[in-house]
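Remarks on the structure that follows.
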Amino acid sequence: MDEVFEVAELATDFGLGGILRWLLGLVGVALILGGAGLWLLTDMGLLVLPAALMAIGLLLVVAPVVLFLAAELF
(Lines give C-alpha, C1' and ligand atoms only; values in the text may rest on other atoms or scores of the structure.)
Protein backbone atom coordinates (compact mmCIF):
# COMPACT_ATOMS: atom_id res chain seq x y z
CA MET A 1 0.00 0.00 0.00
CA ASP A 2 2.93 2.31 0.62
CA GLU A 3 3.98 1.95 -3.01
CA VAL A 4 0.58 3.17 -4.18
CA PHE A 5 0.89 6.27 -1.99
CA GLU A 6 4.42 6.87 -3.33
CA VAL A 7 3.19 6.71 -6.92
CA ALA A 8 0.31 9.07 -6.11
CA GLU A 9 2.67 11.47 -4.37
CA LEU A 10 5.07 11.35 -7.32
CA ALA A 11 2.20 12.07 -9.73
CA THR A 12 1.10 15.09 -7.69
CA ASP A 13 4.69 16.36 -7.51
CA PHE A 14 4.93 16.37 -11.31
CA GLY A 15 1.48 17.92 -11.68
CA LEU A 16 -0.05 14.81 -13.22
CA GLY A 17 -2.56 14.25 -10.42
CA GLY A 18 -5.35 16.19 -12.11
CA ILE A 19 -4.80 14.54 -15.46
CA LEU A 20 -4.73 11.08 -13.89
CA ARG A 21 -7.94 11.83 -11.94
CA TRP A 22 -9.76 12.97 -15.07
CA LEU A 23 -8.55 10.02 -17.12
CA LEU A 24 -9.58 7.43 -14.54
CA GLY A 25 -12.86 9.28 -14.00
CA LEU A 26 -13.67 9.18 -17.71
CA VAL A 27 -12.85 5.49 -17.93
CA GLY A 28 -15.01 4.90 -14.86
CA VAL A 29 -17.98 6.78 -16.31
CA ALA A 30 -17.61 4.86 -19.58
CA LEU A 31 -17.68 1.56 -17.67
CA ILE A 32 -20.73 2.63 -15.67
CA LEU A 33 -22.57 3.62 -18.84
CA GLY A 34 -21.52 0.40 -20.57
CA GLY A 35 -22.74 -1.73 -17.67
CA ALA A 36 -26.01 0.20 -17.44
CA GLY A 37 -26.46 -0.14 -21.20
CA LEU A 38 -25.95 -3.90 -21.05
CA TRP A 39 -28.39 -4.16 -18.17
CA LEU A 40 -31.12 -1.91 -19.57
CA LEU A 41 -30.89 -2.32 -23.34
CA THR A 42 -30.41 -6.07 -23.63
CA ASP A 43 -32.37 -9.01 -22.31
CA MET A 44 -29.38 -9.96 -20.20
CA GLY A 45 -30.82 -8.89 -16.86
CA LEU A 46 -28.62 -7.86 -13.96
CA LEU A 47 -26.03 -10.58 -14.23
CA VAL A 48 -22.39 -10.67 -13.32
CA LEU A 49 -20.98 -8.74 -16.29
CA PRO A 50 -23.13 -5.58 -16.10
CA ALA A 51 -22.90 -5.51 -12.30
CA ALA A 52 -19.12 -5.96 -12.41
CA LEU A 53 -18.73 -3.22 -15.02
CA MET A 54 -20.77 -0.79 -12.95
CA ALA A 55 -18.91 -1.67 -9.73
CA ILE A 56 -15.48 -1.29 -11.34
CA GLY A 57 -16.58 1.98 -12.96
CA LEU A 58 -17.76 3.35 -9.63
CA LEU A 59 -14.48 2.29 -8.04
CA LEU A 60 -12.49 4.07 -10.76
CA VAL A 61 -14.50 7.26 -10.26
CA VAL A 62 -14.12 7.33 -6.47
CA ALA A 63 -10.72 5.73 -5.79
CA PRO A 64 -8.41 8.35 -7.36
CA VAL A 65 -10.02 11.16 -5.40
CA VAL A 66 -9.58 9.27 -2.13
CA LEU A 67 -6.05 8.17 -3.03
CA PHE A 68 -4.79 11.66 -3.91
CA LEU A 69 -6.50 13.16 -0.88
CA ALA A 70 -4.80 10.61 1.37
CA ALA A 71 -1.46 11.22 -0.37
CA GLU A 72 -1.76 14.96 0.26
CA LEU A 73 -2.66 14.48 3.92
CA PHE A 74 0.13 12.04 4.70
Side-chain angles (χ1 to χ4, degrees):
M1 190 68 181
D2 291 333
E3 291 85 12
V4 174
F5 285 129
E6 288 177 14
V7 169
E9 185 178 334
L10 185 64
T12 55
D13 288 344
F14 284 117
L16 298 175
I19 295 170
L20 189 61
R21 267 189 222 160
W22 277 102
L23 183 65
L24 289 176
L26 287 175
V27 170
V29 168
L31 285 176
I32 291 171
L33 290 176
L38 279 175
W39 177 41
L40 296 173
L41 300 175
T42 63
D43 59 352
M44 199 175 210
L46 186 59
L47 291 175
V48 176
L49 182 62
L53 284 175
M54 288 189 281
I56 291 170
L58 185 63
L59 182 71
L60 283 177
V61 169
V62 174
V65 175
V66 173
L67 180 67
F68 284 115
L69 181 66
E72 289 176 8
L73 291 177
F74 299 111

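Residues take their numbers from the sequence shown, with the count starting at 1. Every value quoted in this text rests on a predicted model; they were computed, and no experiment measured them.
For Pro50 against Gly35, the heavy-atom pair with the smallest separation is CB-O, 3.5 Å. Contact between Val29 and Val61 at its shortest, heavy atoms only, is N-CG2, 3.9 Å.
Cluster membership for Leu49 and Val27, using ILVMFWY side-chain heavy atoms within less than 4.5 angstrom, is shared. Hydrophobic clustering keeps Leu59 apart from Leu38 (ILVMFWY residues linked when any side-chain heavy atoms are closer than 4.5 Å, directly or through intermediates).
Here the straight-line distance linking atom CG of Leu60 with atom CG of Leu23 works out to 9.5 Å at 0.5 Å rounding. The CG atom of Leu53 sits 11.0 Å away from atom CG of Leu33, with the distance rounded to the nearest 0.5 Å.
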